[in-house]
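The sequence lines fix the lettering, A, B, ..., with proteins before strands; numbering per chain opens at 1.
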There are 2 protein chains.
Amino acid sequence: MLMPRKPAYDREALIAKARDIFWRQGWAGTSLKDLERELKLKPGSFYAAFGSKDALYALTLESYANEGVARIKALAENLGPKEALKAQPRLVIEAIENPTKACMLAKTYAELQAKDHELADQAARHMAEMKACFAELFRSAQDAGDIRSEHDPDRLAARYQSDILGLRLSAERKDVNALEIAADIASDIDRL
Amino acid sequence: MLMPRKPAYDREALIAKARDIFWRQGWAGTSLKDLERELKLKPGSFYAAFGSKDALYALTLESYANEGVARIKALAENLGPKEALKAQPRLVIEAIENPTKACMLAKTYAELQAKDHELADQAARHMAEMKACFAELFRSAQDAGDIRSEHDPDRLAARYQSDILGLRLSAERKDVNALEIAADIASDIDRL
DNA sequence: TATATACTTGAGCGATCACTCAAGAAACCC
DNA sequence: GGGTTTCTTGAGTGATCGCTCAAGTATATA
């Protein structure tokens with residue numbers, strides 16, 4: 001049993017780096033050359049490590065979605081469900097570490113759905129997962145008496161997620177004050 | 001002075017056809033081969049007619065934006081400003097003639113902004129134009145006494161446009177009831 | 001240190017990209 | 001019908017696409 005050399009790179013770090021590139025530039029907008037340059041991997045190493053451009057994209061989607069779910073759940077842990085839902089819009093457009101404001105799942109879905117690309121389905125599944133997560137928070141807020149029980153939590157979640165997708169797209173524009181929109185989305189929740 | 005033969009195609013019809021392809025598949029997702037096949041133009045004719053892929057895309061954006069502005073203005077003419085704003089969300093996701101639900105301006109901006117592509121700027125200008133159009137309707141509705149004057153019409157317009165962008169993206173998903181979201185957006189206007 | 005194993009390198013594959021251009025076909029005025 | 005001009009055609013351009021693979025290099029165990 002011989003143990004040969006280990007890779008010189010940090011796999012998780014590379015996936016995070018690739019995620020930022022795909023997130024900003026999209027699937028077709030990112031070439032292997034782009035990835036090789038930014039990840040500092042020659043073609044051979046790239047394919048040994050990840051198999052294909054699509055396989056790496058899938059890994060970055062997974063990473064993106066997991067972080068998103070973890071963030072909202074941590075927020076709910078700290079602030080409670082209603083305040084978490086109110087805080088999320090502002091936080092998501094103020095996150096300075098993001099390479100772009102718009103949601104990567106939404107961008108992926110919009111770009112690849114017409115091609116029936118598997119990555120579009122994967123993005124759609126993750127968006128459904130996020131929506132279910134929001135619905136859970138609305139339900140908890142209702143249980144806590146913070147939101148009137150006459151509302152359907154699934155419907156609230158669908159509207160809330162839709163608003164956030166719009167907000168995050170709007171946040172990329174220079175002629176839009178996204179903070180005002182975020183504040184208005186949050187104040188809508190107080191009226192439920 | 002001699003007058004030679006005329007083109008065999010209807011230029012406006014070709015632009016409309018190209019618009020639907022670009023709208024569905026995006027900029028990078030549409031190849032010259034796609035366009036040549038759908039428009040039934042050989043490369044030579046294509047370039048004689050439109051100059052370049054980007055030039056044709058620009059023409060389709062112009063066409064798309066003009067139709068959008070015309071539609072909302074016609075709606076306001078018929079229903080008045082407030083009812084036009086309330087009707088628009090449902091109409092835009094029910095339009096059966098559209099190749100896809102999401103807004104072409106938003107898709108273009110999202111895809112090409114990171115590349116600093118001129119087409120992204122053009123899309124952004126048209127979105128700003130639409131927003132101004134919405135603001136004008138909110139102002140008219142206030143003048144008519146249908147919306148309380150304490151609201152800032154520009155802010156209402158930004159939020160409304162953002163909601164519609166989210167709605168139209170959501171309308172592409174199978175797990176979302178976009179009609180409910182559209183109804184909720186409309187009923188928000190009644191509370192202003 | 002010798003050897004086995006995996007990682008790294010980069011030239012280069014076929015396919016496709018947006019695009020060009022020369023030659024032939026068609027429609028107009030005289 | 002003759003002559004001129006434009007439109008149509010499609011083979012073909014160089015560049016880039018995602019990707020392969022054989023050769024070279026580094027690191028582990030024995």
Side-chain angles (χ1 to χ4, degrees), chain A residues 1-15 17-19 21-61 108 111-112 114-120 122, chain B residues 1-15 17-19 21-61 108 111-112 114-120 122:
Chain A
M1 272 302 170
L2 296 178
M3 286 287 287
R5 64 192 288 203
K6 292 167 191 163
Y9 50 76
D10 174 349
R11 184 176 169 85
E12 289 308 311
L14 288 189
I15 293 175
K17 182 78 181 158
R19 181 193 59 202
I21 302 170
F22 281 133
W23 188 353
R24 245 177 59 83
Q25 308 187 351
W27 180 80
T30 303
S31 72
L32 257 290
K33 269 230 160 78
D34 291 335
L35 293 168
E36 289 160 17
R37 186 179 53 251
E38 301 288 332
L39 305 188
K40 296 183 175 59
L41 283 184
K42 308 296 173 186
S45 295
F46 180 93
Y47 282 91
F50 301 115
S52 72
K53 176 183 171 181
D54 282 3
L56 175 56
Y57 199 110
L59 288 174
T60 65
L61 268 190
T108 301
E111 179 181 3
L112 298 178
K115 298 183 129 61
D116 278 320
H117 198 297
E118 160 65 26
L119 289 169
Q122 188 184 340
Chain B
M1 272 305 163
L2 296 178
M3 287 287 287
R5 63 192 288 202
K6 292 166 190 162
Y9 49 79
D10 174 349
R11 183 177 169 86
E12 289 307 311
L14 288 189
I15 293 175
K17 183 78 182 157
R19 182 192 58 201
I21 302 170
F22 281 134
W23 188 352
R24 246 178 58 82
Q25 308 186 352
W27 180 82
T30 303
S31 72
L32 257 289
K33 270 230 160 78
D34 292 334
L35 293 168
E36 289 160 18
R37 184 180 55 251
E38 301 289 333
L39 305 187
K40 295 183 174 62
L41 282 184
K42 309 297 174 185
S45 295
F46 180 93
Y47 283 91
F50 302 116
S52 72
K53 177 183 171 181
D54 282 2
L56 175 56
Y57 199 109
L59 288 174
T60 67
L61 268 190
T108 301
E111 180 181 2
L112 298 177
K115 298 182 130 60
D116 278 320
H117 199 298
E118 159 64 25
L119 290 168
Q122 188 184 340

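Here S45(A) pairs with L41(A) under the side-chain contact (heavy atoms from CB on, under 4.5 Å) rule; sequence neighbours left out. Among residues two or more places apart in sequence or in another chain, the ring pair (Phe, Tyr, Trp, His ring centres under 6.0 Å) test is passed with Y47(A) by none. Qualifying salt bridge (Lys or Arg N to Asp or Glu O under 4.0 Å) partners for R11(A), counting only residues two or more places apart in sequence or in other chains: none. For R24(A), the side-chain contact (heavy atoms from CB on, under 4.5 Å) partners two or more places apart in sequence, or in a different chain, are P99(A), T100(A), A114(B). Taking E36(A) as the reference, nothing meets the side chain to side chain donor-acceptor pair (under 3.5 Å) condition, with sequence neighbours excluded.
The CZ atom of F50(A) sits 11 Å away from the P atom of dT8(C) (whole-angstrom rounding). The nearest whole Å value for the distance from the CZ atom in R37(B) to the P atom in dT9(D) is 17 Å.
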Show me, pair by pair, the donor-acceptor contacts under 3.5 angstrom made by side chains of residues 26-34 of chain A, not counting sequence neighbours?
residue	atom	partner	partner atom	Å
W27(A)	NE1	D54(A)	OD1	2.8
T30(A)	OG1	G26(A)	O	2.8
S31(A)	OG	K33(A)	N	3.3
S31(A)	OG	D34(A)	N	3.2
S31(A)	OG	D34(A)	OD2	3.4
D34(A)	OD1	R37(A)	NH2	2.9
D34(A)	OD2	S31(A)	N	3.1

How does DNA chain C look in dot-bracket form if you count Watson-Crick and G-U pairs under 3.5 Å, write [ ] for pairs that cross, and put | where a base pairs with another strand? ||||||||||||||||||||||||||||||
Walk me through whether L56(A) and L39(A) qualify under side chain to side chain contact (heavy atoms under 4.5 Å, CB included). CA-CA 12 Å; L56(A) 175 56; L39(A) 305 188; 4.2 Å; yes
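Applying the salt bridge (Lys or Arg N to Asp or Glu O under 4.0 Å) test to residues at least two apart or on different chains, none of the pairs has a partner in residues 39-48 of chain B.
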What string of B, S and - do you get for nucleotides 9-19 of chain C, 5' to 3', when a contact is any protein heavy atom under 4.0 Å? BBB-----SSB
